[in-house]
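Working notes for the structure below.
In this text the structure is predicted, and so the values were computed from the model without any measurement. Note: hydrogens, waters and symmetry copies are ignored here, and every other heavy atom, side chains too, is used. In what follows, every chain begins at residue 1, and chains take the letters A, B, ... in the order their sequences are listed.
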Amino acid sequence: MSDPFDDIPFGDDEPPRPEPAQGSIAARAMAARRQQAPSYLEGLNPEQRRAVETTEGPVLVLAGAGTGKTRVLTTRIAHILSLGLAFPSQILAVTFTNKAAREMKERIGVLVGEAIEGMPWLGTFHSIGVKILRRHAELAGLRSDFTILDTDDQVRLVKQVIQAEGLDDKRWTPRSFAHMIDGWKNKGWGPRDIPEGDARAFGEGRGRELFAAYQDRLKTLNACDFGDLLCHPIRLLRDNPDVLAEYHRKFRYILVDEYQDTNTAQYMWLRLLAQRPASKDAGLAEAPAPYVSGSASPAEGGARDRAPDDFSSAPAEAGSRSERPAVSANRAAEGGGPAPQGAERPVSVNICCVGDDDQSIYGWRGAEVDNILRFEKDFPGATVIRLERNYRSTQHILGAASHLIAHNEGRLGKTLFTEAADPDHAKVQVHAAWDSDEEARAIGEEIEALQRNGHDLDDMAILVRASFQMREFEDRFIRMGIEYRIIGGPRFYERMEIRDAMAYLRVVAQPADDLAFERIVNTPKRGLGDASVRLVHDHARARGIPMLEAARDIVATEEMKPKPRAALRELVESFDRWRERMDRTPHPELAETILDESGYTAMWQNDRSAEAPGRLENLKELVRAMEEFESLRAFLEHVSLVMDAEQKEHLDAVNIMTLHAAKGLEFGTVFLPGWEEGLFPHQRSLDEGGRSGLEEERRLAYVGLTRAKTNCHIWFTSNRRIHGMWQGTLPSRFLDELPAAHCDVAEPTGVGGGYGSYGASRFDRADPFSSDRPSPGWQRARANRTDATARNWGSRSGVGVERIGYGEADSGYGAGRKSVKGRVIEGELVAKSVADTPSEFAVGDRVFHLKFGNGNVVAVDGNKLTVAFDKAGEKRVLDGFVERV
DNA sequence: CACAGGCTAATTTTT
DNA sequence: TTAGCCTGTG
């Protein structure tokens, strides 16, 4: 019904789609198509075709930039479906971004024809993680309607935990701890798995306890952070072999996009699903999983078709399949003849990973290039296919990129080449500018010139290392009247108004969602300030109930002053009303009602600021977007995981984005500004990542270069404003790593003749591109980095020392001060009222209340007491807030 | 509760 | 330089 996961019961392997009746025209057409090479295979080059047709066993496709990676992936799926090797629901295909998943779905649709059922298991690691987790939530200690917290919620929760532990959240910032937790979860670690050193490094050595406390809070909130969406399924599958076996039987084919970006948790997750450890006992070999039996006895029809449980039902196209022997599922079995399952080799599903180690640029968020480098060891007998035939760029661009990336060590090694005739394409142009101002102006002028020559702005891009560089271009382009668009700004669901609105909806759908409740309890302003919220919060924690329930308790008493109390009662009643309407009102309508009645819409209507109209517009868009979903819950899930801002404008505009955001895209002309030491490679990568940091920066440069189809312009400046101060800069060492044969030093065309004072550089020499690596420019850059650059870019040492000194001096008094206040009070509450649900107070008891002072209990009603206070008179209070004297 | 002023930190970003 | 956050004041 309205349950978002009702529509994916385990029986989804039987898509309710009509099969063409045997002998029907459709069936004959399908059969005919199988005789000859299907049309979708046409136009693939031999390597691509091999990657598509090697459906069995582990396959690693090393797909260089512009070699048709997505095409291979989608065609491979189409191929599997078209041969009837599996149902759509038996193919697990994972990507990193929703965008990639969407594109893949679309392209498969085109290949296979729209008749194909959607692929339920094509999605991001996280969305598939959720799907698994919803089904088996109870095995992870959650209810299946758990909430997914985004980064913001996560940080707020971490902050609460840090404060509850009595730590100073200045010294131990929630942000950094949330980051640490993410790091741990990227490795698949729970509180007990983290190394002692890590645990000691935070919160006065209490990192582990804090982590555990955080996980505890998540559990009580019935919530997951993003990391949990990977970690819970891993633990769940590992601890429940029967569940794992179900998925083993279910997924016949696994495909992974951008494998070089997988982190350790994702890797564990994949290996769990893709591989069973070698079975040691004969018993298992006799009763193998269906796909193993299929390979051991590839008889037609086969037991595999009639496998007893709904996970393993094979395609129902009986007619077509019996013509082909069931394909053996793994190489180990293939080689060993019948019943080789007892072998040491782990049994792998048909897993196909596609990636490019040279484009691994997400190490900083946990990606392990090592995963791709190790593939052949992990999956013995793997087929490795290299795609090196590039369809995107000119010889010069490929030459420059290849030469640059060759400076990295530990690559799997690919060399891109193009077969396209390469008449007189321009070499990669290297430009120097005096400062970033001139850089932006010159690029703007070049763009105008190109535009005059009939080039589309859409086909040009400026790829920067860091987003602060964008502003310079925006300013310039506005002044010059060049249309531009920024790719990768803030996301739709990250906007304040959207998050607020979502918080309302979340509280309605999930009353235990305290984080959402806290977010909107005083938005719009209701006069419920810190003190009121704290009261509710403390009561909720003390009794282990959701804040909304705590609020309900509190408004029945006189704990609060009349004004906030009335406001809170109003809010509680509103939520009751909305929840009551939830099941009988269409959810978009309900959302409108909520935003209206809560005063949220009015708040923005009364706001005179410039953004207010846009925010109202966004709210409307939110409501509109809801219409596409079956239920409020389905919608909530979509937003937390998937929803992103759509680019509406269709006008011709230059694209401005970071190098990271550019991965996977291509443009006729690409501008790469800011190739200076300290900016690119970025000082921080160097400081924190050492050599591997540098190599990742170099891969980023490689990604930048390979985005260009025909023209590529690299720029560096002699001066750049860093944190508001002008600094002299040195050309990037990457410039020295470009091959002379494919690059030109552009003549200065700029008006102000700007870069003369850049000083002696290799660009003044006759042969600027000497190929020996430690060229003068590089050496100079390195020599200078310690003084000029390090100073300019604030290398950590100086600041770090200072910080440690400050921190230690501060920790004693800072932490002490905070903890007394926050912790003790809370501790008392917990100690007292958790123990006794019915009140431990009796009529006649003498009690003390923080606000009302001493008094005598005159009536007891559950956890609510009526007390005759000596000074304040008779009041209704919560037992949690008084103590016996 | 709202606002002003001080302090801090300052890549990359998906889910 | 600047934006965002926190603290202290009215």
Side-chain angles (χ1 to χ4, degrees), chain A residues 94-101 123-130 148-155 159 169-170 173-176 179 182 185-186 224-231 258 261-263 265-266 360-367 463-471 487-491 493-494 522 524-533 563-564 637-644 657-664 674 678-689 693 696-697 699-701 703-704 720-727 792-794 796 799-800 802-803 806:
Chain A
V94 278
T95 63
F96 275 84
T97 64
N98 294 301
K99 187 165 158 246
T124 62
F125 276 99
H126 290 85
S127 61
I128 289 169
V130 175
I148 299 163
L149 302 187
D150 58 31
T151 317
D152 194 73
D153 292 325
Q154 188 195 11
V155 171
K159 186 173 179 178
D169 64 354
K170 282 268 194 39
T173 66
R175 207 154 260 306
S176 61
H179 189 250
D182 277 343
K185 289 186 178 177
N186 281 159
C224 281
D225 62 19
F226 284 126
D228 286 339
L229 299 183
L230 298 172
C231 291
E258 307 279 19
D261 287 337
T262 47
N263 62 37
Q266 286 158 335
S360 163
I361 54 174
Y362 286 112
W364 51 273
R365 66 181 198 208
L463 311 182
V464 297
R465 175 62 182 82
S467 43
F468 75 82
Q469 293 172 265
M470 293 179 180
R471 254 191 68 181
I487 309 267
R491 273 129 222 293
Y493 61 82
E494 277 168 9
N522 198 31
K525 299 268 179 282
R526 302 187 168 86
L528 296 169
D530 273 354
S532 310
V533 175
K563 241 167 118 185
E637 174 140 331
H638 178 259
V639 175
S640 55
L641 277 183
V642 177
M643 193 151 169
D644 46 43
M657 68 194 87
T658 62
L659 286 160
H660 284 92
K663 193 164 85 158
L679 176 58
F680 192 36
H682 200 283
Q683 190 60 44
R684 204 144 161 191
S685 297
L686 265 26
D687 289 344
E688 287 171 12
E696 184 154 308
E697 294 284 300
R699 291 194 288 268
L700 207 45
V703 167
R720 191 170 290 276
R721 207 166 22 185
I722 310 297
H723 306 332
M725 302 248 275
W726 284 100
Q727 313 271 202
N792 297 346
W793 285 85
R796 315 216 102 205
V799 187
E802 223 177 312
R803 201 185 280 146
Y806 169 80

Regarding the side chain of A:T124, the nearest nucleotide among B:dT15, C:dA3, B:dT12 is B:dT15
Using a 3.5 Å distance criterion without hydrogens, assess whether the side chain of A:E696 forms a donor-acceptor pair with backbone atoms of A:G693.
no
5' precedence on DNA chain B between A:E696 and A:S127 (nearest-nucleotide basis)
A:E696
In whole Å, I'd like the distance from the NE2 atom of A:H660 to the P atom of B:dT12.
9 Å
Mind calculating the distance between CG (A:N186) and P (B:dT12) to the nearest angstrom?
19 Å
Answer with base, sugar-phosphate or nothing: what part of the nucleic acid does A:L463 contact at a heavy-atom distance below 4.0 Å?
nothing
Which is true for A:R721 with a 4.0 Å heavy-atom rule: it touches a base, it touches only sugar-phosphate, or it touches nothing?
nothing
Taking side chain as C-beta onward, heavy atoms only, is A:L659 less than 4.5 Å from A:V703?
no
Check whether the ring centres of A:W364 and A:H660 lie less than 6.0 Å apart, and answer yes or no.
yes
Going by heavy atoms in the side chains, are A:F468 and A:L679 under 4.5 Å from each other?
yes
Describe the nucleic acid contact of A:G227 in one word from base, sugar-phosphate, nothing, applying a heavy-atom distance below 4.0 Å.
nothing
Which nucleotide sits closest to the side chain of A:R684: B:dC1, B:dT12, B:dA10?
B:dA10
Rounded to whole Å, how long is the line connecting atom CG of A:D530 with atom P of C:dC6?
11 Å
Whole angstrom is fine here: how far is it from NE2 in A:H179 over to P in B:dT14?
14 Å
Selection from B:dT12, B:dT15, B:dA2 that lies nearest to any side-chain heavy atom of A:K525
B:dA2
Whole-Å distance between C:dT2 P and A:H723 NE2?
13 Å
Heavy-atom donor-acceptor pair, A:S467 side-chain to B:dT11 base, under 3.5 Å
no
How is A:D182 classified with respect to the nucleic acid when contacts are heavy atoms under 4.0 Å: base, sugar-phosphate, or nothing?
nothing
Proximal nucleotide (of C:dC6, B:dT13, C:dA3) relative to the A:K170 side chain
C:dC6
If we ignore hydrogens and angles and just use 3.5 Å, is the side chain of A:Q154 paired with the main-chain N or O of A:L149 as donor and acceptor?
no
Earlier contact from the 5' end, DNA chain B, for A:L659 and A:N522:
A:N522
Is there a donor-acceptor contact under 3.5 Å from the side chain of A:N98 to the main chain of A:T124?
no
What distance, rounded to whole Å, do you find between the two P atoms, one in C:dA3 and one in B:dT12?
15 Å
What integer distance in Å separates A:I722:CD1 from B:dA10:P?
14 Å
For A:L679 and B:dA10, give me the distance from atom CG to atom C1', rounded to whole Å.
13 Å
With a non-hydrogen cut-off below 4.0 angstrom, is A:K159 in contact with a base, only sugar-phosphate, or nothing?
sugar-phosphate
Under the criterion of centre distance below 5.5 Å and interplanar angle below 30°, is A:W364 classified as stacked on the base of B:dT12?
yes
Nearest to side-chain heavy atoms of A:N98, which nucleotide of B:dT13, C:dT7, B:dT15
B:dT15
Ignoring the backbone of A:S685, work out which of B:dT13, B:dT15, B:dT11 is nearest its side chain.
B:dT11
Using whole Å, report how far CZ of A:R471 lies from C1' of B:dT11.
17 Å
Can you tell me how far P in C:dG4 sits from the matching atom in B:dT11, rounded to whole Å?
13 Å
Could you please name the option among B:dT13, B:dT15, B:dC1 that lies closest to any side-chain atom of A:H126?
B:dT15
